[in-house]
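Data block below; observations after.
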Amino acid sequence: GEFAAAEPGPRQRGWIATVEGRRAGCVFLMPGGEGIARLRLLLVEPWARGHGLGRRLVDTLAPVLRDIPDPLQIAGHTNQAKGKPEFYASDWDLSAARAVTVLRHLNEQDHVPTNRLSATAFGHTQPLVDPSKPGSQEVNKRVDIVVLSTLPSDTRALIKDVLKSRTTNSGAPGGLS
């Protein structure tokens, strides 16, 4: 598989993994919401599984994640498919397994310290794309790696205000490029 940079939006960066010229998986870096940044790993397309692309997507980001001092929250998600997932009691269990798999890989293979890692399972409760839309089932299956801020909440609010004012005043996204 190959990796190529993508430009999904003005405040986002992405990498797309391809196999034989077809998109097989991707990861995006975007502003964080509750954290400093959010790395969104959309799971590898079913036809491309078994090539180790998900692991390679995580490994691509691991040097940066290892070297920053901030805590990382690994969040697993499922799609909104009806019925019980194969091999798991519920979508909660499946999303937890996704998060723990990435967490363990970051720790055991990529040497991100355990004291900076936590896992969270969201099941089907936080879809990226409306479940009624075509293609949503694949996109909503994902793992997010959230870089959590250790700054006090009032400082984080000030930073958000500055970024917002820079966007409003210049018409361009503030600060992140």
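Here the structure is a predicted model, which means the values were calculated and not measured.
When the shell of 6.0 Å around NZ of K84 is examined, it contains more than 12 heavy atoms from other residues, nucleotides or ligands.
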In sequence, state the C-alpha distance, the side-chain angles, and the governing distance for I145 and L106, and then conclude on side chain to side chain contact (heavy atoms under 4.5 Å, CB included).
-> CA-CA 11 Å; I145 301 174; L106 284 169; 4.1 Å; yes
Apply side chain to side chain contact (heavy atoms under 4.5 Å, CB included) to V58 and D110, showing your working.
-> CA-CA 9 Å; V58 172; D110 296 321; 4.0 Å; yes
Quick one: do D70 and L148 satisfy side chain to side chain contact (heavy atoms under 4.5 Å, CB included)? Show the steps, please.
-> CA-CA 6 Å; D70 305 290; L148 298 171; 5.9 Å; no
What do the steps show when you test V146 against L72 for side chain to side chain contact (heavy atoms under 4.5 Å, CB included), and what is the final call?
-> CA-CA 6 Å; V146 182; L72 303 172; over 6 Å; no
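With hydrophobic clusters built from ILVMFWY side chains whose heavy atoms lie under 4.5 angstrom apart, V102 shares a cluster with I68.
Rounding to the nearest 0.5 Å gives a distance of 9.0 Å between CG of D130 and CD of Q80. Of the inter-residue distances, the one linking R116 atom CZ with L65 atom CG reads 7.5 Å to the nearest 0.5 angstrom. Interatomic distance, OG1 of T114 versus CZ of R104, reported as 13.0 Å (0.5 Å rounding).
The backbone N or O of S90 sits less than 3.5 Å from a side-chain atom of D93, completing a donor-acceptor pair. Here the side chain of T78 pairs a donor or acceptor atom with the backbone of G123 at under 3.5 angstrom. Between the side chain of N79 and the main chain of N140, no donor-acceptor pair closer than 3.5 Å is present.
Across all non-hydrogen atoms, the minimal contact from S95 to A121 is OG-CB, 3.3 Å. Closest heavy-atom contact between G76 and A99: N-CB, 3.6 Å. Annotation for K141 and R98: closest pair CD-NH2, 3.5 Å, computed over non-hydrogen atoms.
Under the 4.5 Å side-chain criterion, counting only non-hydrogen atoms from C-beta, L103 is in contact with L117.
Within the hydrophobic cluster formed by Ile, Leu, Val, Met, Phe, Trp and Tyr side chains joined at under 4.5 Å, directly or through other members, Y88 is accompanied by F87, L94.
Screening residues 134-154 for ring pair (Phe, Tyr, Trp, His ring centres under 6.0 Å) gives no qualifying pairs among residues at least two apart or on separate chains. The ring pair (Phe, Tyr, Trp, His ring centres under 6.0 Å) pairs that include a residue from residues 117-151 are H77-F122, where partners are two or more places apart or lie in different chains.
For the residue pair Q73 / T120, a side-chain donor-acceptor distance below 3.5 Å is found, with atom types taken as modelled. Looking at Q109 and D59, their side chains never bring a donor and an acceptor atom within 3.5 Å of each other.
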